[in-house]
Amino acid sequence: MRTAYGGGSVTREEIIESYRAYIACLNRQDWQDLHHYVADQVEYNGATIGLDGYRDMLVADFRAIPDLSFNIAVLVCDPPMIASRLAFDCTPVGQLFGLPVNGTQVRFDENVFYEFGEGKIRRVWSVIDKSSIAAQI
């Protein structure tokens, strides 16, 4: 079934395939290819940060968490939206989300919703389970 949105038509399977390729791009830290998946004027939690701001945020995440890996635990798609629960098991250095993790291995989840338009992520709403990190340090 094809669903029209953002001036185009796409299937549920195409959105899922694009999202999985986006996650693989993040895990490779392939910042040169990020524009294939993320819109130039992407919004994050209600603020337009643009592709450069989004890339900068991700680069900072990998700097703070050298062993960062995005792992899809749950994935639900209803075009043009896709929702994912991402699971993390990592060892941040220094501060993470204002918490003094300082090299402690932590596990936490992120619940994130994405809205696709014209084949790219154009809006992101993210909630990270910071309380589970605090409980582990």
Side-chain angles (χ1 to χ4, degrees):
M1 179 176 130
R2 289 196 155 307
T3 303
Y5 68 91
S9 178
V10 70
T11 66
R12 177 181 175 276
E13 290 74 23
E14 288 168 333
I15 290 178
I16 291 171
E17 181 180 328
S18 179
Y19 180 72
R20 288 187 184 279
Y22 158 76
I23 292 295
C25 178
L26 298 185
N27 285 331
R28 288 190 312 272
Q29 299 180 54
D30 189 355
W31 310 128
Q32 298 300 317
D33 277 353
L34 191 61
H35 72 279
H36 293 294
Y37 309 103
V38 178
D40 288 339
Q41 294 302 312
V42 67
E43 293 178 18
Y44 181 80
N45 285 346
T48 301
I49 63 171
L51 179 58
D52 289 340
Y54 197 76
R55 181 184 300 114
D56 291 348
M57 177 182 68
L58 291 164
V59 168
D61 289 344
F62 276 94
R63 191 174 301 119
I65 312 168
D67 62 347
L68 182 62
S69 179
F70 290 76
N71 303 291
I72 300 170
V74 177
L75 188 62
V76 178
C77 183
D78 186 14
M81 304 294 294
I82 194 164
S84 183
R85 182 172 181 90
L86 299 171
F88 300 95
D89 184 351
C90 54
T91 312
V93 296
Q95 298 265 326
L96 181 66
F97 312 123
L99 299 169
V101 179
N102 300 321
T104 301
Q105 183 176 0
V106 292
R107 292 181 182 172
F108 64 95
D109 297 301
E110 175 184 17
N111 295 308
V112 61
F113 292 83
Y114 305 84
E115 181 180 6
F116 275 71
E118 298 177 5
K120 296 183 180 183
I121 296 168
R122 65 180 178 186
R123 289 189 184 98
V124 181
W125 297 271
S126 166
V127 177
I128 296 171
D129 186 4
K130 296 174 189 174
S131 63
S132 70
I133 298 168
Q136 296 172 65
I137 57 174

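Values below: all heavy atoms of this structure, side chains included; hydrogens, waters and symmetry mates excluded.
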Just wondering, do [Y] and [X] contact through their side chains at under 4.5 Å, heavy atoms?
{"X": "N111", "Y": "V74", "result": "no"}
{"X": "L86", "Y": "N71", "result": "no"}
{"X": "Y44", "Y": "S126", "result": "yes"}
{"X": "V42", "Y": "T48", "result": "no"}

Provide the closest heavy-atom pair for [X] versus [Y] in the form atom of the first, atom of the second, distance.
{"X": "H35", "Y": "K120", "value": "O-NZ, 2.9 Å"}
{"X": "R12", "Y": "P79", "value": "CA-CG, 3.8 Å"}
{"X": "D129", "Y": "S132", "value": "O-OG, 2.9 Å"}
{"X": "T104", "Y": "Q136", "value": "CG2-O, 4.1 Å"}

Please tell me whether [X] and [Y] are part of a single hydrophobic cluster in this structure, the criterion being side-chain heavy atoms less than 4.5 Å apart.
{"X": "I72", "Y": "L58", "result": "yes"}
{"X": "F62", "Y": "L51", "result": "yes"}
{"X": "V127", "Y": "I121", "result": "no"}
{"X": "L75", "Y": "V38", "result": "yes"}

Point-to-point distance, once rounded to the nearest 0.5 Å, from CZ of R123 to CZ of F116
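So the gap between those two atoms works out to 13.5 Å.
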Without placing hydrogens or testing angles, list every side-chain donor-acceptor pair under 3.5 Å for residues 15-23, not counting sequence neighbours.
from	atom 1	to	atom 2	distance (Å)
Y19	OH	S84	OG	3.3
Y19	OH	Y114	OH	3.3
Y22	OH	Y54	OH	2.5

Those residues that, when tested against V59, pass side-chain contact (heavy atoms from CB on, under 4.5 Å) (two or more places apart)
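Partners of V59 by the side-chain contact (heavy atoms from CB on, under 4.5 Å) criterion, ordered by chain and then number, come out as W31, R55, R63.
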Quick check on Q41: does its CD atom have over 12 non-hydrogen neighbours (other residues, nucleotides or ligands) under 6.0 Å away?
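Open.
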Through direct or indirect side-chain contacts below 4.5 angstrom among Ile, Leu, Val, Met, Phe, Trp and Tyr, which residues connect to W125?
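Direct or chained contacts put W125 with M81, F113.
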Sequence neighbours left out, cut at 3.5 Å: what donor-acceptor pairs do the side chains of residues 87-102 make with other protein atoms?
from	atom 1	to	atom 2	distance (Å)
D89	OD1	Q105	NE2	2.6
D89	OD2	R107	NE	3.0
D89	OD2	R107	NH2	3.4
T91	OG1	D67	OD2	3.3

Any pair with a residue in residues 76-87 that passes salt bridge (Lys or Arg N to Asp or Glu O under 4.0 Å), sequence neighbours left out, goes on the list, sorted by first then second residue, please.
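Checked against salt bridge (Lys or Arg N to Asp or Glu O under 4.0 Å) - neighbours excluded - the pairs reaching residues 76-87 are R85-D109.
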Quick one: salt bridge (Lys or Arg N to Asp or Glu O under 4.0 Å) pairs with a partner in residues 29-42, sequence neighbours left out?
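Passing the test, one end in residues 29-42: R28-D30.
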